[in-house]
Number of protein chains: 2
Amino acid sequence: MTKQRQKILQVIKSTKSHPTADWIYQQVRETMPNISLGTVYRNLGILKEKGEIIELNYGSSYSRYDGNPHPHYHFKCTKCERVFDLDIPVSHQLQNEVMNREGHLVTEHRLEFYGICKDCRN
Amino acid sequence: MTKQRQKILQVIKSTKSHPTADWIYQQVRETMPNISLGTVYRNLGILKEKGEIIELNYGSSYSRYDGNPHPHYHFKCTKCERVFDLDIPVSHQLQNEVMNREGHLVTEHRLEFYGICKDCRN
DNA sequence: CTAACTGCAAACGTTTTGCATTAAT
DNA sequence: ATTAATGCAAAACGTTTGCAGTTAG
């Protein structure tokens, strides 16, 4: 576990903003000016493999990263583009429904809501 | 509505395979050899705006397109990469739950299941 | 000592764009 | 006639990779 990887993990874990790779890169660069974007991507991949973070890539050309690897749902504001965590319960029941109805083996599901967030409504 | 757009729409509407832009391009090219990939992308954008098709971009670097604009859920096989339509009912109730709990205005939601499909299990 | 990781820069695959030409209404 | 759409090619975008040098265990 290199200094770079530690710092990247720390940056992701200490925000709820579901940042992009580039945002993470900029953050890390403030204390490690020589880090490269390639290293950031490589480590994001490794941390994802390890299950320490989650990659989100709903409805846009770039990925966002979530330092909370626990299953949970998201809401994305189509105006300010921010992604919010939701604390509605994760339904394991839905997966069973799909398994029973369709015969596929379901191991995971993702649920994302879209609309205008609390702040942008006003 | 140009011949190109008509053909593109027809190709998407007549498959359940949730094809990529390039697959659509190859299909259209069989009858219109001079069509360009740029035209395919431009028309996919327009058809999406009009609500005639849906763009899917869960968990991969390229988008897929769905000729069924009705709200419905999907299952993606992580082995063969195919995307299946599901006919479990779309829950409007879920959106209300998020609205009431969080105060966001929810206009849409997307639900995607992952696992090993019926065919790949054997 | 060795295996894993780094920074750099070039390459990649998908999508978008500018532009001069052509087709649709 | 006017506006919209096309084909082509180049550019843009986020991401990945090869490589030679460096660091961690």
Side-chain angles (χ1 to χ4, degrees), chain A residues 1-12 15 17-67 76 78 81-83 112, chain B residues 1-12 15 17-67 76 78 81-83 112:
Chain A
M1 178 52 77
T2 58
K3 281 172 295 170
Q4 287 89 338
R5 186 172 306 157
Q6 270 164 19
K7 183 68 188 171
I8 290 165
L9 186 55
Q10 183 220 310
V11 165
I12 304 173
T15 180
S17 73
H18 307 84
T20 62
D22 196 67
W23 188 91
I24 294 162
Y25 171 56
Q26 300 303 341
Q27 285 297 116
V28 174
R29 224 144 69 109
E30 291 187 3
T31 52
M32 304 180 77
N34 290 327
I35 197 172
S36 76
L37 190 50
T39 294
V40 172
Y41 274 106
R42 266 187 292 239
N43 279 302
L44 289 172
I46 291 165
L47 293 168
K48 190 174 55 169
E49 292 270 304
K50 286 189 173 179
E52 307 228 40
I53 64 174
I54 286 173
E55 183 178 4
L56 308 174
N57 42 16
Y58 302 93
S60 75
S61 52
Y62 48 87
S63 288
R64 291 164 167 278
Y65 296 86
D66 189 335
K76 180 171 182 180
T78 52
E81 301 268 289
R82 279 186 297 171
V83 174
E112 178 103 341
Chain B
M1 183 38 85
T2 58
K3 284 171 291 171
Q4 287 88 338
R5 187 171 307 157
Q6 271 163 19
K7 184 67 187 171
I8 289 165
L9 186 55
Q10 183 220 309
V11 166
I12 304 173
T15 180
S17 72
H18 309 83
T20 62
D22 196 66
W23 187 92
I24 295 162
Y25 171 57
Q26 301 301 342
Q27 284 297 117
V28 175
R29 224 145 69 110
E30 290 186 5
T31 53
M32 305 180 75
N34 290 327
I35 197 170
S36 74
L37 191 50
T39 295
V40 172
Y41 274 107
R42 266 185 291 240
N43 279 303
L44 289 173
I46 291 166
L47 293 168
K48 191 174 55 169
E49 292 269 304
K50 286 187 173 180
E52 308 227 41
I53 65 173
I54 286 174
E55 183 179 3
L56 307 174
N57 41 18
Y58 302 93
S60 74
S61 54
Y62 48 87
S63 288
R64 291 164 167 279
Y65 296 87
D66 188 336
K76 180 171 183 180
T78 52
E81 301 268 289
R82 279 187 298 172
V83 174
E112 178 103 340

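Letters go in sequence order (proteins before strands), and every chain restarts at 1.
Considering only residues two or more places apart in sequence or on other chains, Q26(B) meets the side-chain contact (heavy atoms from CB on, under 4.5 Å) condition with D22(B), R29(B). Looking at residues two or more places apart in sequence or on another chain, you find a side chain to side chain donor-acceptor pair (under 3.5 Å) between S17(A) and T15(A). Here Y25(A) pairs with nothing under the ring pair (Phe, Tyr, Trp, His ring centres under 6.0 Å) rule; sequence neighbours left out. For the side-chain contact (heavy atoms from CB on, under 4.5 Å) test, residues two or more places apart in sequence or in another chain that qualify with E112(A) are Y58(A), H74(A), K76(A), Y114(A). Scanning for salt bridge (Lys or Arg N to Asp or Glu O under 4.0 Å) contacts around R82(A) gives D119(A), with sequence neighbours left out.
Taken to the nearest 0.5 Å, the CD1 atom of I53(A) stands 7.0 Å off from the OH atom of Y65(A). Atom NZ of K7(B) and atom CD1 of I35(B) lie 10.0 Å apart (nearest 0.5 Å).
Listed by residue number, there are no residues of residues 25-33 of chain A with a heavy-atom contact under 4.0 Å to DNA chain D.
Distance CZ (R5(B)) to C1' (dT3(D)): 13 Å, rounded to an integer number of Å. The CD atom of Q6(B) sits 11 Å away from the P atom of dT6(D) (whole-angstrom rounding). Protein atom CD1 of I46(A) is 12 Å distant from nucleotide atom P of dT17(D), rounded to whole Å. If you measure from atom NZ of K50(B) to atom P of dA4(D), you get 13 Å, rounded to the nearest angstrom. What separates CG of N34(A) from C1' of dC5(C) is a distance of 15 Å, to the nearest Å. Rounded to an integer number of Å, the gap from L44(B) CG to dT6(D) P is 11 Å.
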Identify each donor-acceptor pair in which a side-chain atom of residues 38-48 of chain A lies under 3.5 Å from a protein atom, sequence neighbours left out, and give them as a table.
{"residue": "T39(A)", "atom": "OG1", "partner": "S36(A)", "partner atom": "OG", "Å": "3.2"}
{"residue": "N43(A)", "atom": "OD1", "partner": "R5(A)", "partner atom": "NE", "Å": "2.5"}
{"residue": "N43(A)", "atom": "OD1", "partner": "R5(A)", "partner atom": "NH2", "Å": "3.2"}
{"residue": "N43(A)", "atom": "ND2", "partner": "T39(A)", "partner atom": "O", "Å": "3.0"}
{"residue": "K48(A)", "atom": "NZ", "partner": "E55(A)", "partner atom": "OE1", "Å": "2.4"}

Provide a list of protein-nucleic acid N or O atom pairs under 3.5 angstrom, restricted to nucleotides 11-16 of chain D.
{"residue": "dT15(D)", "atom": "OP1", "partner": "S63(A)", "partner atom": "N", "Å": "2.8"}
{"residue": "dT15(D)", "atom": "OP2", "partner": "Y41(A)", "partner atom": "OH", "Å": "2.2"}
{"residue": "dT15(D)", "atom": "O5'", "partner": "Y41(A)", "partner atom": "OH", "Å": "3.1"}

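Comparing the helix axis at one end of the helix from dC1(C)-dG25(D) to dT25(C)-dA1(D) with that at the other, each defined from 5 consecutive pairs, gives an inter-axis angle of 40° (nearest 10°).
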Study note, to complete from the structure: Given protein heavy atoms under 4.0 Å, the one-letter contact record of nucleotides 19-25 of chain D, with B base, S sugar-phosphate only and - none, is simply -----SS
